[in-house]
Q: 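First the structure, then my questions, so here it is.
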Amino acid sequence: MAIRNAATTSNKPIRMTDADWEEWMGDPQLARKEMAEQAERQRQLDDMLPELTKQYPDQWAALTESGELLIAPSLEALAEKFRALDTPPGSNVIEFLDTDPTPWIL
Amino acid sequence: MIVGYFSRGGIPYVRARLYLPRLDIVGRVNFLVDTGATDTLLHPLEGSNLGIPSAELSNPVERRGIVGTRTYYGESAVILLLDEDTWRRFDVELHTSPPQSGSANLPSLLGRDVLNQMRMEYDYPTGRLEFAATD
């Protein structure tokens, strides 16, 4: 589908009501459901972290939309698995199985 | 109203859609809400999840953080936040980090280029994180 006016020079928020945008980004109600499901997957992965960190120390773990648990030694290797499974962009939840977690200072 | 959330660690996030026209990528991103960040930054964890090809990044720029200066790549982007039953759109210059030492595990940051266009209610005790964009 053609994406119209995708890149503009506007620096103000635009409330989109154009049907094309909605079609492109997905129905807001479905998106809200999708976001809730992703949040639930994040909770599931969070619950698994202590055990996964013991099993796969300092590796990367991801839970896909279809419920597959992926483990990889690097983020690049994990991205390769996403490509192989053709996961929707941004749909996976990802955690580093950190045996020495350090608080962020951003 | 745009609704964010606090992670288990009490970290403020907002879920978004991201469109990168040049790379023809549309996907979902979780941004950490960071009023200390001048620009919105995409770090490798979300970049990998979106399938961003690092080799195709161009337009290098330097950004300074608390641990020093890093190279990012500027990219025209559209960020969309769900505002009730519509999408609220923000056109930004997104700064994307290629995989580099020390940045893999960093969250992506929603910076003041977007946040300064909204009013934010940050109420951790009640678990409420809400944004109202100014028309």
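Labels below follow one simple rule: chain letters A, B, ... track the order of the sequence lines, proteins then strands, and each chain is numbered from 1.
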Q: Using heavy-atom distances under 4.5 Å, tell me whether A:Ala62 contacts chain B through its side chain, its backbone, both, or neither.
A: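 No part of A:Ala62 comes within 4.5 Å of chain B.
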Q: Other members of the hydrophobic cluster containing A:Leu30, with the 4.5 Å side-chain heavy-atom rule, please.
A: none
Q: For residues B:Arg8 and A:Gln42, determine if any side-chain heavy atom of one lies less than 4.5 Å from a side-chain heavy atom of the other.
A: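 No, every pair of side-chain atoms sits at 4.5 Å or beyond.
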Q: Pick one of side chain, backbone, both or neither for B:Asn105, based on which atoms fall under 4.5 Å of a heavy atom in chain A.
A: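 Interface part for B:Asn105: both.
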Q: So B:Leu45 and A:Trp60, do their side chains get closer than 4.5 Å, heavy atoms only?
A: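 They are in side-chain contact.
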Q: Rounded to the nearest 0.5 Å, what's the gap from CD on A:Glu34 to CG on B:Leu82? Could you check?
A: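 Rounded to the nearest 0.5 Å, the CD-CG separation comes out at 10.5 Å.
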Q: Taking a hydrophobic cluster as the set of Ile, Leu, Val, Met, Phe, Trp and Tyr residues connected by side-chain heavy atoms closer than 4.5 Å, whether directly or through intermediates, do B:Val114 and B:Leu20 fall within one such cluster?
A: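 Shared cluster, yes.
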Q: Heavy-atom cut-off 4.5 Å, strictly under: side chain, backbone, both or neither for B:Ile79 against chain A?
A: neither
Q: Need one label for B:Leu32: side chain, backbone, both or neither, based on atoms under 4.5 Å from any heavy atom in chain A.
A: side chain
Q: For residues B:Leu109 and A:Phe96: do they belong to one hydrophobic cluster (side chain heavy atoms under 4.5 Å, members Ile, Leu, Val, Met, Phe, Trp, Tyr)?
A: no
Q: Using a 6.0 Å cut-off, check whether atom CZ of B:Arg64 has over 12 heavy atoms from anything other than its own residue.
A: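 No, because the 6.0 Å sphere around CZ of B:Arg64 holds 12 heavy atoms or fewer from other groups.
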Q: Do the side chain of B:Arg15 and the main chain of A:Arg32 share a donor and acceptor less than 3.5 angstrom apart?
A: no
Q: Report the C-alpha separation of B:Arg17 and A:Met35 in whole Å, then their side-chain angles, then the decisive distance to 0.1 Å, and conclude whether the side-chain contact (heavy atoms from CB on, under 4.5 Å) test is met.
A: CA-CA 10 Å; B:Arg17 292 289 189 271; A:Met35 288 176 181; 3.8 Å; yes
Q: Any chance you could measure B:Ser48, atom OG, to A:Arg83, atom CZ, to the nearest 0.5 Å?
A: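 Rounded to the nearest 0.5 Å, the OG-CZ separation comes out at 8.0 Å.
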Q: Is A:Leu49 reachable from A:Leu78 through a run of hydrophobic residues whose side-chain heavy atoms are each under 4.5 Å from the next?
A: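 No; tracing contacts between hydrophobic side chains, which count when under 4.5 Å, never links both residues.
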Q: Verify the cluster assignment for B:Leu23 and B:Val92: are they in a single hydrophobic cluster under the rule of side-chain heavy atoms below 4.5 Å apart?
A: yes
Q: Quick one: what part of B:Ile11 sits under 4.5 Å from any heavy atom of chain A, side chain, backbone, both or neither?
A: side chain
Q: What about B:Leu50 and A:Ile94, same hydrophobic cluster or not, with Ile/Leu/Val/Met/Phe/Trp/Tyr joined at side-chain heavy-atom distances under 4.5 Å?
A: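 No, B:Leu50 does not connect to A:Ile94 through the hydrophobic network.
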Q: Where do B:Trp87 and A:Ala31 come nearest, in terms of heavy atoms and distance?
A: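 In this case the closest contact between B:Trp87 and A:Ala31 is CZ2-CB, 3.5 Å.
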Q: Show the nearest heavy-atom pair for residues A:Asn92 and B:Asn49, with the distance to one decimal.
A: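 That would be O-ND2, 2.7 Å.
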Q: Show every donor-acceptor pair shorter than 3.5 Å between a side-chain atom in residues 68-76 of chain A and any protein atom, with sequence neighbours excluded, or say none if there are none.
A:
{"from": "A:Glu68", "atom 1": "OE1", "to": "A:Ser66", "atom 2": "OG", "distance (Å)": "3.2"}
{"from": "A:Ser74", "atom 1": "OG", "to": "A:Ala77", "atom 2": "N", "distance (Å)": "3.0"}

